[in-house]
Amino acid sequence: MSAETQTKPEASKPGRWQPAITADPMLRKHGALGQPVSRIDGPMKVQGKTRFAAEFPYENISYAALVFSTIARGRITDLDVKAAEAASGVVLVMTYHNAPRMKAPSLMMSSPSAAGASDLPVMQNDEIHWNGQPVAVVLADTQEQADYAASLVKATYASLPAVTSFDEAKKTPRQLETLLGQPPILEIGDAEKALADAAVKVDVIYRTPRHNHNAIELHAATVAWNDDELRVHDASQLLDLTAGQLCDIFGLETGKVHVTSPYVGGGFGGKCLWDHQILACAASKLAGRPVRIMLSREGVFRIVGGRTVTEQRVALGAKPDGTLDALIHTGTAAMTLHNSCPEQFTFPARHLYAAKTFRLAQDVADMDMLVNTFMRAPGESVGTFALECALDELADKLAMDPIELRRRIEPETDPTTGKPFSSRYLIEAYEKGAERFGWDRRSQTPRQKRDGEWLVGMGCATATYPYHRFPGGSARIRLTAEGHVTVSTAVHDMGMGTATAQAQHIAVRLGVPLEHVTFEYGDSSLPRGVIAGGSTQTASIGGAVIAATEVFVEELIKLAGNDSPLAGLSLAEVEPRDGGLGHLEDHGRFESYQSILRRAGRDELVCEAEGSAPAEMEAFSMHSYGAQFCEVRVSAITGETRVSRFLGSFDAGQILNAKMATSQFKGGIIMGIGLALTEETNFDERTGRVVNASLADYHVPVQMDVPPIDVIYTNKPDPQAPMGARGIGEIGITGVGAAIANAIYNATGVRIRDLPITLDKVMAGLD
């Protein structure tokens, strides 16, 4: 579909932003954009004045505790709840016997209001679909009473045959109809033949394990009913979808569910709609009391999905000069029949490198387990591990520097779609990163540098994540006669600084001081927002604010009238600046916002609009990029690996806030260190149970695991994106696993293709 067919007639009016045709007019401005402004919510947080989902007070509130199943598949034959009901302080024990009748959730992206991670009914029958499924909810006057009473519930089961082994499941794979909207198989030419005929080739298997979400803030909700209206204080990254889905589940009219989530202590794809919010709402309705539910750390492992296991084949066929004749990336991800999150690990290979032929395909293997879900850079985080390690193996076979290899296979246009890149400075990111990191000191021959018992090596890898801008988001602008601007939209700040960055953006776009701007968010009663996921929120908010600004400026011109210096001017001839509107070229033609409102006898002006369709995504190949550089030290005695230095060099368009962007990049890199070295969900294939369901046993990186991290970026605006900005929330984790694995090879000569890279695997190679 061409960009022209995507553009509505209204958008063609002069002065309007036309995605894929004209650039955001704000790109010619500067001001507060990009400055390292400290978070506006920082002082409130350090003073304890911010209220999270489990902190909203209600009179007569009851506290919830869950009872989890202990089998992977089967039926409940008996639930003995008498002891729990008799325990002190207990208000209610809810099971499938007495739970309100509810519709099953709808899978996210299946409709405009769908938010379900699974389409299984929630506590509506005796069926068990995974080990850890909630079988009872206990409400009590205190959390301690609820937790104790939950321990008294006794469940008996009749087990059914369950698929809990990935090796067994992958023997009967299933091909999806669509891979998150893309074809699951992409072939250009005969890649297998080209591989067979290639002068130099690698053909290897990489494996990645399950990972679990472990945000600092535990998953929680505080809920209360008022007749047929439901109030939900949630830890959420999809406000409007949650409200719409709960309306559907409980048979309520649209607008009867009000969800707020002003502060979220980490999300990363896990703070969506799970069973605990639905169960809390159902139990509150049954008990006639407000309910607070906060999952224990174990509870997060039992009912909140994470990243799924993958097995990936990467095969590269190259000429002696490094150019690729064949690029093959195929494999299998575990999933269930009840969700649609296939861990799209083949996506990076579709857009990164030039090759004559491609075969990119993946299928899924269904298991009886908790449904997997989005986890920071789903697909790309583990897909870049396989692809970028394979490129390092190819560079080694070619006796070529890994950066030089990437330079030789840098495409002019998107290698599989043929679309032009909107903006791509990946090679520049590599060059600047290599110079800053001291890449020229790396030995191409492994195991050449040693410091006592420590073998020292360097590795690099490409980071990438696609640009997305979701349609349907709206923004409202309210200007007061005192010159204060409030922009409202139902979006989220999960700790990444959305409110601060958007306040900066709005100050620049409307030409007002930053201290005169309020950004209102985190409430489903505001104009419809978009989810915080897929690194989409910044561009999506930007698109909505652009649309609202156009309406805002046109309304101001009308209010200004014939007595204004702006008389006779159109949207295309003016720009917001210096607290008012002015002619683009004749700076003498200017009037302040306050003057316009005062003459019109108005106390305020309120305008609202919906963002335009994302035509830029149809016309261009749009991605954020980066070059990850790692230095490791590996003990030749124990195999222990320590990351000693790390640098990320990113090309992500315009940086909106230098301080917060650097923090985001560093956070992603730290998660990548965990992915590479420590994180693994231990899944007992005999029972289908997660056995390391705590932070004592599931090892995330801590302070001593994290080295000095340097972050640089090109900061070149993407002319096709709102504000020139592409997403940065997820790219930081991509490529990190490969950079570490490649550095370990450079240090030791040991290739490890199975994450996490633990000392036993290193020692096995050293032996």
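Atoms considered below: every heavy atom in the structure, side chains included; atoms not considered: hydrogens, waters and symmetry mates.
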In plain terms, say whether D414 and R350 are close enough for a salt bridge, that is, a side-chain N and a carboxylate O under 4.0 Å apart. no
Between H351 and F347, the two heavy atoms sitting closest are CD2-O, 3.4 Å
Rounded to the nearest 0.5 angstrom, the OG1-CG distance for T549 and L510 is 5.0 Å
pair S612-W17: side-chain heavy atoms closer than 4.5 Å: yes
Using side-chain heavy atoms (C-beta onward) and a distance below 4.5 Å, is T346 in contact with L179? yes
Value for CZ (R476) from CG (L526), rounded to nearest 0.5 Å, stands at 6.0 Å
Without swapping roles, check the side chain of T536 against the backbone of R469 for a donor-acceptor pair under 3.5 Å. no
Non-hydrogen atoms of P342 and A333 that approach each other most closely: O-CB, 3.5 Å
Less than 3.5 Å apart, any donor N or O on the side chain of T310 or Q312 sitting next to an acceptor on the other? yes
In the structure I gave you, are the side-chain heavy atoms of Q502 and V491 within less than 4.5 Å of one another anywhere? no
Does atom NZ of K45 have more than 12 heavy-atom neighbours, drawn from other residues, nucleotides or ligands, at distances under 6.0 Å? yes
Parallel, tilted or perpendicular: which describes the rings of F665 and F650, with under 30° parallel and over 60° perpendicular? parallel
Criterion side chain to side chain contact (heavy atoms under 4.5 Å, CB included) on S381 and L675, from CA distance to verdict: CA-CA 9 Å; S381 56; L675 176 145; 4.2 Å; yes
Is K716 paired with D651 through a side-chain N to carboxylate O contact shorter than 4.0 Å? no
Distance-only, no hydrogens or angles: does the E298 side chain make a donor-acceptor pair with backbone N or O of S296 under 3.5 Å? no
Any side-chain heavy atom of H233 sitting closer than 4.5 Å to one from V259? no
Salt-bridged, E217 to K271, with N to O below 4.0 Å? yes
Does E608 form a side chain to side chain contact (heavy atoms under 4.5 Å, CB included) with V551? I'd like the steps, not just the answer. CA-CA 7 Å; E608 184 174 325; V551 174; over 6 Å; no
Under 3.5 Å donor-acceptor, S624 side chain and G727 backbone: yes
Is a side-chain donor-acceptor pair under 3.5 Å present for Q537 with H492? yes
What's the verdict on ring-ring contact (aromatic ring centres under 6.0 Å, His included) for F385 and F345, showing C-alpha distance, side-chain angles and the deciding distance? CA-CA 9 Å; F385 166 67; F345 54 75; over 10 Å; no
State, with a plain yes or no, whether a side-chain heavy atom of I278 is found less than 4.5 Å away from one of M102. yes
What's the shortest heavy-atom distance between L27 and P717, and which atoms? CD2-CB, 4.2 Å
Given 3.5 Å as the limit, does a donor-acceptor pair link the side chain of T178 with the main chain of P183, or not? no
Crowded around M617 CE? As in, over 12 foreign heavy atoms under 6.0 Å? yes
Give me the ring orientation class for H623 and Y625: parallel if the planes are under 30° apart, tilted from 30 to 60°, perpendicular past 60°. tilted
Trace of the side-chain hydrogen bond (donor to acceptor under 3.5 Å, both in side chains) decision for S118 with N339: CA-CA 5 Å; S118 158; N339 71 307; over 6 Å; no
Here the gap from S423 atom OG to Q654 atom CD, rounded to the nearest 0.5 Å, amounts to 11.5 Å
State the CE-NE2 distance between M369 and H338, to the nearest 0.5 angstrom. 11.0 Å
Looking at T538 and A725, what are the two nearest heavy atoms and their distance? CG2-CB, 4.5 Å
Just wondering, do T464 and T384 contact through their side chains at under 4.5 Å, heavy atoms? yes
F374 side chain near E730 side chain, heavy-atom distance below 4.5 Å: no
Taking Q362 for the side chain and G331 for the main chain, is one N or O donor matched with an acceptor at less than 3.5 Å? no
Determine whether the side chains of Y467 and E616 contain a donor N or O and an acceptor N or O closer than 3.5 Å. yes
If only atom types and distance count, is the side chain of Q628 paired as donor or acceptor with the main-chain N or O of T734 below 3.5 Å? yes
Looking only at heavy atoms, what is the nearest atom pair of L66 and P134, with distance? CD1-CG, 4.4 Å
Establish, for the pair R51 and Y263, whether the NZ or CZ atom is under 6.0 angstrom from the six-membered ring centre and no further than 45 degrees off its axis. no
Do D523 and T260 get their side chains close enough for a donor-acceptor pair, meaning under 3.5 Å? no
List the atom of A53, the atom of A235, and the distance in Å for their closest heavy-atom pair. CB-N, 3.6 Å
Could you walk me through whether V545 and H505 pass the side chain to side chain contact (heavy atoms under 4.5 Å, CB included) test, one step at a time? CA-CA 9 Å; V545 172; H505 158 218; 3.8 Å; yes
With a 4.5 Å limit on heavy-atom distance, are the side chains of F519 and S488 in contact? no
CD/Q245 to CG/L238 distance, rounded to the nearest 0.5 angstrom? 10.0 Å
D363 and R174 ion-paired at < 4.0 Å: no
Going from CD1 on I728 to CG on L656, what distance comes out if it is rounded to the nearest 0.5 angstrom? 7.5 Å
Would H258 and V232 count as a side chain to side chain contact (heavy atoms under 4.5 Å, CB included) here? Give the steps. CA-CA 6 Å; H258 181 193; V232 179; over 6 Å; no
Is there a donor in the side chain of T681 and an acceptor in the side chain of R307, or the other way round, less than 3.5 Å apart? no
Just by distance, do the side chain of R39 and the backbone of G495 share a donor-acceptor pair under 3.5 Å? yes
Without swapping roles, check the side chain of D493 against the backbone of A499 for a donor-acceptor pair under 3.5 Å. yes
Indicate yes or no for a side-chain donor-acceptor contact from N657 to the backbone of V37 under 3.5 Å, with no hydrogens or angles considered. yes
Would you kindly say whether N372 and E343 are connected by a side-chain donor-acceptor distance under 3.5 Å? no
Any donor and acceptor pair, going by atom type alone, linking the side chain of W225 with main-chain N or O of A282 inside 3.5 Å? no
Give a yes-or-no answer on whether the side chains of Q277 and D234 include a donor-acceptor pair shorter than 3.5 Å. yes
